[in-house]
Amino acid sequence: MSQKQQQPLQSLIWKQEALDLLDQRLLPEDIVYLTLTTATEVWDAISSLAVRGAPAIGIAAAYGVVLGSTEQIEEQAWFNKIIDTANYLATSRPTAVNLFWALDRMKACAVRIMEQKLSLIEAKQLLEQEAILIHQEDEATNRAIGEHALTLFENDMGVLTHCNAGALATSKYGTALAPMYLALEEGIHLRIYADETRPVLQGARLTAFELQQAGADVTLICDNMAGMIMAKGLVDAVIVGTDRVAANGDVANKIGTYSVAVLAKAHNIPFYVACPLSTIDLDTPTGDKIPIELRNDNEVTEGFGKRTAPQGIKVYNPAFDITPNEYVTAIITEKGIIRAPYEQNLRQLFE
Ligand SMILES: CSC[C@H]1O[C@H](OP(=O)(O)O)[C@H](O)[C@@H]1O
């Protein structure tokens, strides 16, 4: 890796009795790792966006279940505590389906453990192994997503992305940013445009940061500039992450994604969504059934310190929006590139 390229920071580091979590609220200025030792601390970290990004949220919650399994006296109480802890962590944020997918995996692991009549020490070790497996699988999954996505990009293409679906939103590589990391490895030059992504600025604070650290050609733009650079012919493709894909291919992602998708369609620019199978929710039939998180007014009126709106102003702050499937050119997964008709083609991924 050249001097100017640096390994991306790890969003989560499991330390057996503790979870070290990169506090993404402080990036890009400060690099601080929180050491979490309880499920409550993990809940707070997810809810406050200290850790964010669908896969990273799922991984953190899985470790949160392990942290909540320590002080049991007998196996039924241990099992009950595991289920209660998982259900508690499920209340931290409503939209990213990876949270619930990871917690369901941990609960299923606890059921398997109970069938084996193990000691509590052995039980906790198996539960910890499941969380570590979720974490390790994510890295391989993201690299596979990147390999499939890179087949869609050519040297010197302009690629726009929204929010942060990079290494900071996952275990490594990211989903939408995975092809950008692989392009760097293979010497393919991509001109990357990162939307700043108001109001929490995941694009400016996180995507621009991690891609600059990696030595990528990244340009930061305000969200309202996306249409203009598309009109100037600077964008050849859009690729974003997602927090939940409905069974019909509708996509929930960071607020502003729908606007980018409509602009891309207007300019005949392909709009790609990158995600692992764990983000595809066949139990939710259409995008309008995906719960959209509403966050605090102050993210809009005084984000990062300075107040930028009158006191008492009404605020609407949905953290996500829905992009209907007709705007989605393809969904790129670890199993390959999925195109319409999404209903049948997504279901086939799980057969
Ligand atoms: C790879 S999932 C990233 C996904 O999560 C972000 O939301 P948040 O930062 O609020 O967790 C955004 O929707 C990204 O596309």
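Numbers here are sequence positions counted from 1.
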Remaining members of hydrophobic cluster (4.5 Å side-chain criterion), Val315: Val300, Ile313

Check against side chain to side chain donor-acceptor pair (under 3.5 Å), Glu334 and Asn142: CA-CA 7 Å; Glu334 64 271 35; Asn142 298 338; over 6 Å; no

With sequence neighbours excluded, residues passing salt bridge (Lys or Arg N to Asp or Glu O under 4.0 Å) with Asp281: Arg244

Geometric class of the Trp14/Tyr63 ring pair [parallel <30°, tilted 30-60°, perpendicular >60°]: parallel

Pairing of Arg143 and Glu139 as salt bridge, 4.0 angstrom limit: no

Side chain to side chain, His135 and Leu12, heavy atoms closer than 4.5 Å: yes

Salt bridge (charged side-chain N to carboxylate O under 4.0 Å, His left out) evaluation trace for Glu196 with Arg205: CA-CA 8 Å; Glu196 69 171 348; Arg205 295 187 305 106; over 6 Å; no

Gln16, CD: over 12 other non-hydrogen atoms inside 6.0 angstrom: no

Whether Tyr88 and Trp43 hold their rings parallel, tilted or perpendicular, with breakpoints at 30° and 60°: parallel

Residue pair Ser48 / Arg25, side-chain heavy-atom distance below 4.5 Å: yes

Distance (rounded to the nearest 0.5 Å) between Ile134 CD1 and Ile132 CD1: 10.5 Å

Gap separating the CG atom of Leu349 from the CD atom of Gln344, nearest 0.5 angstrom: 11.5 Å

Derivation of the side chain to side chain contact (heavy atoms under 4.5 Å, CB included) call for Leu22 and Ile31: CA-CA 7 Å; Leu22 176 61; Ile31 296 172; 3.9 Å; yes

Worked check of salt bridge (charged side-chain N to carboxylate O under 4.0 Å, His left out) between Lys117 and Glu122: CA-CA 10 Å; Lys117 301 294 178 202; Glu122 291 167 328; over 6 Å; no

Full working for side chain to side chain donor-acceptor pair (under 3.5 Å) between Asn248 and Thr286: CA-CA 6 Å; Asn248 72 339; Thr286 53; 5.4 Å; no

Over 12 foreign heavy atoms within 6.0 Å of CD, Glu185: yes

More than 12 heavy atoms from other groups under 6.0 Å of CD on Gln116: yes

Single-linkage hydrophobic cluster Val65~Ile121, side-chain heavy atoms < 4.5 angstrom: no

Gln10 side, atom CD; Thr170 side, atom OG1 - distance, nearest 0.5 Å: 10.5 Å

Pair Asn98-Thr279, side chain to side chain donor-acceptor pair (under 3.5 Å): steps then yes or no: CA-CA 6 Å; Asn98 298 64; Thr279 307; 2.9 Å; yes

N-O pairing of Arg191 and Asp217 below 4.0 Å: no

Spacing of Cys163 atom SG and Ile255 atom CD1 [to the nearest 0.5 Å]: 11.0 Å

Glu128 and Lys124: CA distance, side-chain angles, deciding distance, salt bridge (charged side-chain N to carboxylate O under 4.0 Å, His left out) verdict: CA-CA 6 Å; Glu128 181 183 18; Lys124 184 165 179 290; 5.1 Å; no

Ring-face cation contact, Phe320 with Lys254, 6.0 Å cut, 45° max: yes

Spacing of OH belonging to Tyr272 relative to OG1 belonging to Thr161, to within rounding of 0.5 Å: 13.5 Å

Polar contact flag, side-chain donor to acceptor under 3.5 angstrom, Thr95-Asp243: no

